[in-house]
Structure formats: structure tokens, C-alpha cells
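One structure is given below, encoded as C-alpha cells.
Lettering of chains follows the sequences in order, A, B, ..., and the numbering in each one begins at 1. Bear in mind the structure is a predicted one, so any value in this text is a computation, not a measurement.
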Protein chains: 2
Amino acid sequence: MFFLIIMYYGVIFAITIKQIYKKNSIKKKTTIKDIANVLNISAAAVSKALHNDPRISDKTKKAVKQVAENLNYQPNHLASALRSGKSKLVGVIVPRTNSNFFSSVIQNIEQVLNKEGYNIIITQSNESFKKECECIDTLLYTQVDGIIASMANQTTDLSYYEKIKSKGIPLILFDRGENDLNVDYIGIDDYNSSQIIVKHLIEQGCKRIAHIGGYKRTRIFNNRIKGYLDALKKHHLPLNEELLLECDLTIEDGREKMLQLLALKNRPDAVYVAGDYAALGALQVLNEQKINIPNEIALVGFGNEPFSSMVTPTITSIEQHSSEIGKQAALSFLDYSKKETITQTLTKKILDVALLVRASSDRKNS
Amino acid sequence: MFFLIIMYYGVIFAITIKQIYKKNSIKKKTTIKDIANVLNISAAAVSKALHNDPRISDKTKKAVKQVAENLNYQPNHLASALRSGKSKLVGVIVPRTNSNFFSSVIQNIEQVLNKEGYNIIITQSNESFKKECECIDTLLYTQVDGIIASMANQTTDLSYYEKIKSKGIPLILFDRGENDLNVDYIGIDDYNSSQIIVKHLIEQGCKRIAHIGGYKRTRIFNNRIKGYLDALKKHHLPLNEELLLECDLTIEDGREKMLQLLALKNRPDAVYVAGDYAALGALQVLNEQKINIPNEIALVGFGNEPFSSMVTPTITSIEQHSSEIGKQAALSFLDYSKKETITQTLTKKILDVALLVRASSDRKNS
DNA sequence: TATAGTTAGTTAAACGTTTAAGCAGTTTGA
DNA sequence: TCAAACTGCTTAAACGTTTAACTAACTATA
């Protein structure tokens with residue numbers, strides 16, 4: 001055994017301990033042929049026995065399964081998928097996995113699909129259109145039986161998604177979905193969510209409600225903006241252009257846009273931010289400037305990321321029921337995959353949200 | 001088109017809009033045979049042309065690639081993997097994806113492996129031994145070329161991991177790795193990390209340093225405990241059994257153990273928590289009880305989860321350089337996969353950490 | 001000018017399954 | 001009693017590639 005320092009860059013310092021050892025003598029993997037040889041029957045009979053085909057006797061089935069067990073037989077997915085034309089794999093494309101929303105959706109997709117014998121391949125677009133195209137190519141290459149995706153912010157060109165459809169592979173979109181594609185979609189009612197938030201803020205006595213939103217080109221953010229504007233109208237509050245801002249909804253964007261709002265001659269008394277990360281940025285600015293939340297300015301976020309209930313003050317937010325979105329997306333796929341008919345139903349599932357009122361907008365308990 | 005209310009349970013309310021439309025007439029996927037037919041050459045020639053085999057003329061190569069493009073050819077991974085015995089897929093097993101640490105590791109594994117033509121399949125064990133075994137079976141079934149894993153907390157029986165090794169499939173462990181398995185491992189120096197933390201707290205003037213740790217049976221937590229104890233000894237601080245607690249390091253555990261520490265006749269003046277989630281729980285309790293952080297009790301976490309810099313006060317924590325861990329894990333796999341020799345080197349890479357001093361333990365700036 | 005070497009392919013088998021079709025031998029039924 | 005039906009298999013082809021081995025047609029060499 002010897003020690004070896006292999007690198008030193010920045011703060012990272014690694015020690016590698018190397019040991020020479022014999023590579024395992026790799027046993028050739030057992031196949032159905034091996035099982036067939038042991039029992040002196042045909043490989044086809046083994047295959048059928050393992051699939052509980054009624055045309056095989058119970059006696060033979062038992063024997064096959066016993067031998068399979070003994071030989072540590074592991075079916076070869078590649079071969080069966082190639083032959084049957086079904087890979088039993090479903091591709092998932094998300095902008096990123098490290099948001100609670102997406103990882104929760106993924107977890108639930110997996111749960112539902114695993115029960116039906118499917119496994120999932122997760123790919124990340126990192127909000128980049130180019131990467132998203134690569135993800136789609138990867139998944140098509142892997143011969144997935146279906147794709148469940150939430151589009152990258154950047155994406156406007158849908159030709160890659162059309163490619164999926166044109167190959168006859170079921171495509172289900174969630175959260176960020178484009179209407180024009182005519183595919184199954186699972187999401188929430190963004191328009192209505194905005195209405196709920198604005199109503200809540202008005203009930204708290206707010207009169208000048210600002211909105212830090214996402215870009216209009218993304219449908220969900222556009223809907224939130226529309227809902228915000230219509231709610232103001234409905235409650236006879238004046239619309240004010242300077243109170244409506246668009247950005248990418250990162251923490252930094254939230255800080256920047258909040259500062260912009262604070263610089264106004266006539267400051268808002270409430271800010272509805274279309275994403276929790278940006279809401280956090282806004283909160284940091286408000287805290288730094290010692291502005292009382294919620295009495296001076298009330299704050300509402302969107303998405304109920306875990307940290308929204310961890311920061312001080314806790315941030316009122318919209319819970320999107322990510323687990324249900326995941327479940328429904330998976331169910332949509334299963335629905336689709338079971339049908340063999342020439343016509344297919346297009347399903348759009350819209351789930352209701354829940355407003356979680358927390359300290360950042362709860363004037364009555366502050 | 002018709003509207004249909006499909007469910008109503010709890011707060012979730014979904015509307016399904018159904019549309020009947022014609023299923024796409026599924027074009028049969030193009031294969032190399034189709035390309036061969038167009039050009040009147042053999043399928044083998046097409047395959048070679050696509051792989052830039054030197055025995056094929058540039059002219060033919062160009063023609064093949066052109067036709068492939070025109071016919072929208074997508075290679076069939078199942079067939080090539082089956083034939084070549086290499087699936088170009090690498091399995092990843094993590095306890096969960098919704099921690100920043102793991103999702104960052106995954107992202108970097110993916111980045112490195114994608115460049116080499118590999119794709120990854122992510123599976124989650126949810127900290128359950130049973131689920132972990134299922135993950136392994138799934139991955140073996142999918143014929144992955146290698147497995148990169150971080151073990152579930154629960155796991156003590158290593159026979160499933162032995163199964164991977166016995167099939168000759170490269171196995172690389174990170175973060176939570178068992179020494180006895182004799183496989184490549186990437187991790188940090190937990191022992192030293194504890195020493196760094198204790199030293200920092202002593203420099204802040206702390207004299208009664210408590211440790212809310214993970215369970216000793218998990219190697220990394222055991223090492224953190226050992227490091228903590230040895231550091232106390234080294235700085236001539238008395239060891240005190242009541243200041244050393246073990247738990248699962250959830251938020252709730254953190255709350256509970258912090259309350260336990262506060263109930264002591266002789267309270268600690270610093271608490272080092274072996275995980276950020278538990279540290280957050282501890283912080284909540286301290287805030288609720290209006291205990292001054294860091295002057296009355298200083299707090300240090302572990303893992304640098306994003307929220308540790310978002311809460312009030314911000315929590316001092318250990319950055320594990322997750323991106324580097326991911327990169328190194330991927331590189332270890334690539335290293336392994338390239339070698340065909342009968343002997344193999346066993347590599348353990350230990351990365352250094354960084355202590356990020358924040359408000360929760362920074363007495364000088366408070 | 002025979003021989004070896006190179007070029008640019010072709011042929012056919014193989015990877016491990018699944019599955020349609022076939023076929024003995026037995027059982028059933030009118 | 002004999003056709004029909006059933007039982008429990010076997011045979012062989014197929015899924016889409018890759019690849020070892022072969023070949024035909026040139027080209028270079030001695």
C-alpha cells in the first residue's frame with residue numbers, strides 16, 4: 001500500500017491510497033440458455049416458465065425458478081427490451097433536481113411507475129435549451145417508453161418535442177408546459193393562485209400590491225401576471241405599471257427587484273413574488289433595511305420551498321402539491337401506454353393549490 | 001372537447017379536459033438497414049461508417065451520414081448495448097435527491113460522464129435498506145456498466161454490494177461508504193473536520209462544547225465523534241458524556257436534542273451539530289427560547305445546505321465540496337472502466353473541507 | 001510478372017430474449 | 001371410435017447492432 005497526493009487546487013486537497021488487488025475472476029452471467037441446459041429443456045420453455053405462461057406445467061415452472069435462483073440468474077433487460085420493443089424505462093426531464101418541487105415530483109413519479117415495473121431515467125436541462133435537446137436525444141437513444149418533462153425556461157422552439165411525438169412516444173408535460181404541443185399536461189391553476197394571493201393581501205389591508213414575476217413568455221408566469229392584474233381590477237385597486245416587474249426569479253433577481261421597488265417615490269405595502277427563491281432575496285433586502293414585515297410591507301412567495309418556513313420571518317407561500325403532480329404525471333403516462341387504440345384522449349389535469357399563510361403576510365398575528 | 005371533474009380529495013381538485021385526437025401514424029423507426037438499402041451497401045458498412053471505421057471510404061461515410069440525417073436515424077441503444085456488452089449507462093444510488101449535497105454530486109457525476117458518452121440512471125434508496133436492494137437489482141437488470149453509490153443509513157448487510165462486485169461491475173462509493181467492501185471511495189476527512197470545528201469554537205472562547213451527532217454505526221458519523229472527542233482532549237477540555245448525543249439528524253431530532261442540552265444543570269456554551277438539518281432544529285429552539293446566538297450558545301452545522309446561509313442567524317457550517325466529490329467519483333469510474341488488466345488499483349480519495357464561519361458562531365462580529 | 005499488401009467493402013454469426021407457429025401425445029365428447 | 005380440443009413443450013425467426021473473418025479489386029514491390 002502506498003499513499004499518493006494527487007492534487008492541490010483551491011481548498012481541495014486529496015489523498016489517494018492505492019492498493020493493488022486481484023480483479024475478480026468475472027463469472028460469465030447466467031442466461032436462460034444455461035438454465036435450459038441444466039434442465040434439458042428449450043430456452044423458450046425457460047422464458048415462458050419465468051413469465052408464468054399457462055402453457056408450461058407447474059412442475060417445470062418450479063424447477064426453472066429453482067435453477068434460476070441457484071445460478072443467480074438476472075434477466076438481461078437489453079435483450080428483452082430489444083426483442084419486445086418495450087424498454088420499461090421512462091425518461092424524466094427537469095430543469096434541475098435540487099429544488100424541492102422537482103425532487104418531490106420525481107420521487108412520486110418513480111413510486112407510481114415502479115409499481116408497474118417501470119424504471120425512470122432522470123435528466124436535467126439546467127434551464128438550457130441546448131441541454132434540453134441533448135436530454136431528449138439521450139432518452140430517445142435509450143429507447144424509453146415515454147417521457148415526462150418540465151420545460152426549461154429558455155425553451156421556445158418546440159421542434160425537439162415534436163420529434164418525440166412524431167416517434168409515437170408518449171409525452172407528458174408538467175409545471176412548465178406549452179399549450180400548443182397538444183400533449184398531456186399536469187399543472188396548477190396559476191391564474192387562480194394569483195387571485196388567491198391578491199385576495200389574501202387585500203384582506204390584510206394592503207392597498208399597493210407589487211408583483212415580482214417571471215417572464216411573460218413562459219406560460220405559467222404569464223398566467224400569474226394575468227391573475228394578479230385581474231384580481232386588482234376585480235377589487236378595484238388601480239393597476240400600476242411600476243409595481244409589475246419581470247425577471248428570472250433567482251435570489252439575486254429578488255434582491256434587485258426589491259431594491260427597485262423600495263426606490264419608488266410611492267412604495268408598495270405588499271409584494272407578491274412569483275417564486276420562493278426571489279422572495280427570499282426580497283426578504284433579505286427588507287430585513288437589511290429594517291423594514292417591518294408584514295406591517296410595513298407584506299411578502300408572499302410561490303412554491304413552498306422548504307426554506308420558506310425556515311427563514312425569519314417565515315414566508316407565506318403557495319403549495320403546489322408536488323407529490324400529486326408527480327403521481328398524476330405518472331398515471332397519465334400509464335394511461336397512455338395501456339391504450340392501443342388509434343384515437344387517444346388528450347388530458348390536461350389542473351390541480352388546486354393551497355395558500356400557506358405565514359408570518360411574512362400575517363398582520364393579525366404580528 | 002368536454003370538461004370532466006375527476007377527483008376531489010383533501011385540498012386537491014383537478015379538472016381534466018379531454019380531447020379526442022388521432023394517434024400519430026407511428027413511422028417505423030429507421031435502422032441501419034434502411035440506410036443500407038438506400039445506398040445499396042451492407043448494414044455492416046453503415047455501422048462502420050457511422051463509427052468512422054478507417055476501412056470505409058470518406059465518400060461512403062459522407063453519404064451514410066447524409067442519409068442518416070435525412071431519415072432521422074436514431075441509433076438503437078438496446079441493440080448496440082446488447083451486442084457490444086457495454087450499455088454506456090452508469091447507475092447512481094443516493095439516499096435522496098432533495099438534499100443539495102446529493103443533487104450537486106449527481107450533477108457533477110453526470111457532467112463528467114456525459115462527456116465520455118455515458119448516461120446515468122439515478123435511483124433513490126430513501127435511507128431504506130430494502131429499497132436500496134431494489135435499486136441495486138434494478139441497476140443490474142438494466143445492465144449498467146458501473147454503479148456509484150452512497151449507502152443508506154440503515155445499511156449494515158453488504159451482501160447486495162458484494163453481488164455487484166461479484167458480477168465484475170465497477171462499484172464506487174462516496175460519502176457513506178463502508179471500508180470493508182474494498183472498493184473505490186470518495187469522501188471527506190470527517191475526523192479532521194470535527195477537529196477544525198472544535199478548534200474554531202475554542203478560538204471563539206467556548207469551553208463547554210456539546211456534540212449532536214449521527215449514530216456511531218455509520219462510519220462517517222463515528223469519525224466525526226472521534227474527531228470531536230480527540231479535539232477536546234488535545235485542547236485539554238474535559239470530556240463530558242452528557243454533552244455527546246446521537247440521533248438521526250433530522251430537524252425534529254435537532255430540536256429534541258437541543259432541548260435536552262438546555263435542560264442540563266450545566267448548559268453548554270457551544271453546540272456542534274453533525275448535520276445542517278438538525279442544526280436548523282437546534283437553531284429554532286434557541287431562537288424560540290430567546291437564547292443569544294452565538295454569545296450565549298454558539299452553533300455549528302455540517303454540510304452547508306443552502307438554507308444555512310438563509311436563516312437568522314446564518315449558521316456556520318462545513319462545505320464538503322460536493323461538486324468535487326461528484327467529479328472524482330465519476331473519474332474513478334472512468335479510470336476503472338478503461339483498465340482491462342487483471343489487477344486493479346483500489347483508490348480512496350479524501351477531499352479537504354472548508355469551514356464557513358457565519359453569524360451563529362462568530363462572536364467577534366456580533 | 002508473380003507476390004504481397006492495401007482498400008473498401010461483404011457475409012454471417014452473435015448478443016439474450018420473446019413469440020408465432022408447429023407438433024407430439026393425451027383427453028374429451030357425441 | 002375418431003375428430004376436435006387441450007397440454008406441454010420445441011423450433012426457428014426476429015429485435016438492431018457489432019465484429020471477426022473473408023473477399024474482390026487495386027496498387028506497390030522485387
Side-chain angles (χ1 to χ4, degrees), chain A residues 26-65 67-68 71-89 117 140-145 167-168, chain B residues 26-65 67-68 71-89 117 140-145 167-168:
Chain A
I26 297 157
K27 306 166 198 164
K28 247 188 93 37
K29 290 174 191 164
T30 44
T31 71
I32 52 170
K33 270 192 183 172
D34 299 325
I35 300 175
N37 284 340
V38 170
L39 295 171
N40 249 324
I41 55 176
S42 70
V46 174
S47 172
K48 284 178 185 164
L50 291 172
H51 288 88
N52 279 322
D53 188 301
R55 314 283 307 255
I56 300 291
S57 71
D58 286 355
K59 194 179 139 203
T60 308
K61 277 181 194 165
K62 223 174 237 172
V64 165
K65 283 170 187 172
V67 174
L71 296 184
N72 209 354
Y73 170 70
Q74 193 101 37
N76 185 324
H77 163 251
L78 299 172
S80 65
L82 174 61
R83 175 59 232 253
S84 66
K86 296 272 146 222
S87 72
K88 284 290 184 175
L89 289 172
L140 290 178
Y141 172 62
T142 319
Q143 309 290 119
V144 292
D145 287 346
K167 297 213 182 241
Chain B
I26 297 157
K27 306 165 197 163
K28 246 186 94 37
K29 290 174 190 163
T30 43
T31 71
I32 51 171
K33 269 191 182 172
D34 299 325
I35 300 175
N37 283 340
V38 170
L39 295 170
N40 249 324
I41 56 176
S42 70
V46 174
S47 172
K48 284 178 183 162
L50 291 172
H51 288 87
N52 280 321
D53 188 300
R55 313 285 307 254
I56 300 292
S57 70
D58 285 354
K59 195 179 138 202
T60 308
K61 277 181 195 165
K62 224 174 237 172
V64 165
K65 283 170 189 172
V67 174
L71 297 184
N72 209 354
Y73 170 70
Q74 193 101 38
N76 185 324
H77 163 252
L78 298 172
S80 66
L82 175 61
R83 175 59 232 251
S84 66
K86 296 273 146 218
S87 72
K88 284 288 184 178
L89 288 171
L140 291 178
Y141 172 64
T142 318
Q143 310 290 118
V144 293
D145 287 346
K167 296 213 183 241

Check: CD/Gln143(B) to CG/Leu78(B) distance, rounded to the nearest 0.5 angstrom?
Finding: 11.0 Å
Next item on the list: Under 4.0 Å between any heavy atoms, over every strand shown, what does Ser57(A) touch: base, sugar-phosphate, or nothing? Just pick one.
Entry: sugar-phosphate
Item checked: Among dT18(D), dT10(C), dG16(D), the one nearest His51(B) by side-chain distance -> dT18(D)
Item checked: Nearest-angstrom distance from the residue atom CZ of Arg55(B) to C1' of dC22(D) -> 11 Å
Margin query: Side chain of Arg83(B) only, heavy atoms from C-beta on: which candidate in dT18(C), dT10(C), dT17(D) is closest?
Written below: dT17(D)
Next item on the list: State which of dT19(C), dT11(C), dG9(C) makes the closest approach to the side chain of Ser84(A).
Entry: dT19(C)
Item checked: Pairwise 5' ranking along DNA chain C for Ala79(B) and Ile56(B), keeping only the more 5' one -> Ile56(B)
Margin query: Return the CG to CD1 distance between Asn37(B) and Ile32(B), rounded to the nearest 0.5 Å.
Written below: 11.0 Å
Next item on the list: Starting at atom CD of Gln74(B), determine the distance to atom P of dT17(D), rounded to an integer number of angstrom.
Entry: 10 Å
Check: Between the side chain of Asp145(B) and the main-chain N/O of Lys86(B), is any donor-acceptor distance below 3.5 Å?
Finding: no
Notebook entry, point to check: Quick one: is Thr60(B) getting a side-chain N or O under 4.0 Å of the dA8(C) phosphate, OP1 or OP2?
Noted result: no
Notebook entry, point to check: At under 4.0 Å between heavy atoms, what does Leu78(A) touch on the DNA or RNA strands: base, sugar-phosphate, or nothing?
Noted result: nothing
Check: Separation of Leu71(A) atom CG from dG16(C) atom P, in whole Å?
Finding: 14 Å
Notebook entry, point to check: Does a side-chain N or O from Tyr73(B) land closer than 4.0 Å to OP1 or OP2 of dT17(D), or not?
Noted result: yes
Next item on the list: Please state how far atom CG in Leu50(B) lies from atom C1' in dG9(C), giving the value in whole angstrom units.
Entry: 15 Å
Next item on the list: Check the distance between dG16(C)'s P and Asn37(A)'s CG and give it to me in whole angstrom.
Entry: 13 Å
Checklist line | Below 4.0 Å: OP1/OP2 of dT10(C) and any side-chain N or O of Ser42(B) | finding: yes
Note to self: Is it the case that the side chain of Thr30(B) and the backbone of Leu71(B) share a donor-acceptor pair, with hydrogens and angles ignored and the cut-off at 3.5 Å?
What the structure shows: yes
Checklist line | Atom-to-atom span, NZ of Lys88(A) to C1' of dT18(C) - whole angstrom | finding: 14 Å
Check: Across the strands shown, which category fits Lys48(A) at heavy-atom distances under 4.0 angstrom: base, sugar-phosphate, nothing?
Finding: base
Check: With side chains defined as the heavy atoms from C-beta onward, is the minimum distance between Lys167(A) and Leu140(A) less than 4.5 Å?
Finding: yes
Checklist line | Atom-to-atom span, NZ of Lys86(B) to C1' of dC15(C) - whole angstrom | finding: 14 Å
Check: With a 4.0 Å cut-off on heavy atoms, is Thr31(A) in touch with a base, just the backbone sugar-phosphate, or nothing at all?
Finding: sugar-phosphate
Notebook entry, point to check: When the distance from NZ of Lys61(A) to C1' of dT7(D) is rounded to whole Å, what number comes out?
Noted result: 12 Å
